[in-house]
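Note that the structure is predicted; figures quoted are calculated from it, not measured. The figures that follow rest on heavy atoms only: side chains count, while hydrogens, waters and symmetry mates do not.
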Amino acid sequence: MIFSVRALIRGLVAPDHQISCSTGLWQAGLAELNRRGAGQRESGAFLLGQRNGERREIRRFVYYDDLDPHCLDVGIVVFDGAGYGPLWALCRGTGLAVVGDVHTHPGEARQSITDRKNPMVAVPGHIAIIVPELARRPVRTHELGVYEYMGEHRWREYCGMKAGRFFYIGHWG
């Protein structure tokens, strides 16, 4: 019965969500992003998970600086392409796929020109999530910047209330 109630609530709260994450994993992931950025610089992670049709479920954070130890050195994320080899090997080994990425910004959760021109995974449908204020505090879904890559450096934006309909944080049920 609990399964049905949770699924019903999720369907009412975010009926059109395309990506989801359990509350505990999301909170732990953001706390780790804040720790790695030391409250002073951007940090980020690839989001690994599974696809269920068009929907994606986040199951794991893989932090950029675990793949490229120097990517946070200048205050913004500058990820060396050599880090993708270990990422793809991890995906093969776990059976998970990259379902998105997340990184922090010091102010609002808006894409920078650099973000727009340099998607972490340049495949249409890739989801990029930006967390405001370097993840120093818990944020609600509508405070996030959620962007879907459309190809050719074009993005579809889901910000404000649209973010909450596109990205569900809670129990999967």
Roughly how far apart are [X] [atom1] and [Y] [atom2], rounded to 0.5 Å?
X	Y	atom1	atom2	result
Glu42	Ile130	CD	CD1	8.5 Å
Met150	Glu148	CE	CD	5.0 Å
Asp65	Arg36	CG	CZ	4.5 Å
Lys117	His153	NZ	NE2	8.5 Å
Leu134	His103	CG	NE2	10.0 Å
Arg154	Arg116	CZ	CZ	11.5 Å

Where the side chain of [X] meets the backbone of [Y], is there a donor-acceptor pair that is under 3.5 Å apart?
X	Y	result
Thr141	Gly164	no
Asn34	Ala31	no
Tyr149	Glu152	yes
Asp68	Asp80	yes
Tyr147	Gln111	yes

CZ/Arg60: more than 12 non-hydrogen atoms of other groups inside 6.0 Å: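 For Arg60, atom CZ is not crowded (no more than 12 foreign heavy atoms under 6.0 Å).
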
Over 12 foreign heavy atoms within 6.0 Å of CD, Glu157: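 Atom CD in Glu157 is crowded, with more than 12 foreign heavy atoms closer than 6.0 Å.
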
Whether Tyr168 and His17 hold their rings parallel, tilted or perpendicular, with breakpoints at 30° and 60°: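 Ring orientation of Tyr168 relative to His17: tilted.
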
Hydrophobic cluster membership, Ile129 vs Leu25, 4.5 Å side-chain cutoff: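 Yes.
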
Co-membership, hydrophobic cluster, residues Val139 and Phe61, 4.5 Å side-chain: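 Yes, Val139 and Phe61 fall within the same hydrophobic cluster.
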
For a quick test of reading the model, state the closest non-hydrogen atom pair linking [X] to [Y] and the distance between them.
X	Y	answer
Ile58	Phe167	CD1-CE1, 4.0 Å
Val99	Ile19	O-CD1, 3.7 Å
Leu30	Ala135	O-CB, 3.7 Å
Cys159	Gly145	SG-CA, 3.9 Å
Cys21	Trp26	SG-N, 3.7 Å
Leu33	Ser43	O-OG, 2.7 Å

For Val62, the rest of its hydrophobic cluster, which grows through side-chain links under 4.5 angstrom: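 Noted: Val62 shares its cluster with Phe46, Leu48, Tyr64, Leu67, Leu72, Val77, Phe79, Tyr84, Leu87, Trp88, Leu90, Leu96, Val98, Met120, Val121, Val123.
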
Verdict with reasoning, Arg56 to Ile127, per side chain to side chain contact (heavy atoms under 4.5 Å, CB included): CA-CA 10 Å; Arg56 303 161 185 103; Ile127 305 300; 3.5 Å; yes

Stepwise salt bridge (charged side-chain N to carboxylate O under 4.0 Å, His left out) test for Arg55 and Glu57: CA-CA 7 Å; Arg55 295 185 181 187; Glu57 293 181 354; over 6 Å; no

Step-by-step side chain to side chain contact (heavy atoms under 4.5 Å, CB included) determination, Arg110 to His105: CA-CA 8 Å; Arg110 297 283 175 205; His105 274 190; 5.6 Å; no

Asp115 and Trp155: CA distance, side-chain angles, deciding distance, side chain to side chain contact (heavy atoms under 4.5 Å, CB included) verdict: CA-CA 10 Å; Asp115 293 335; Trp155 295 84; over 6 Å; no

Verdict with reasoning, Arg35 to Glu32, per salt bridge (charged side-chain N to carboxylate O under 4.0 Å, His left out): CA-CA 5 Å; Arg35 186 189 73 75; Glu32 185 62 12; 2.7 Å; yes

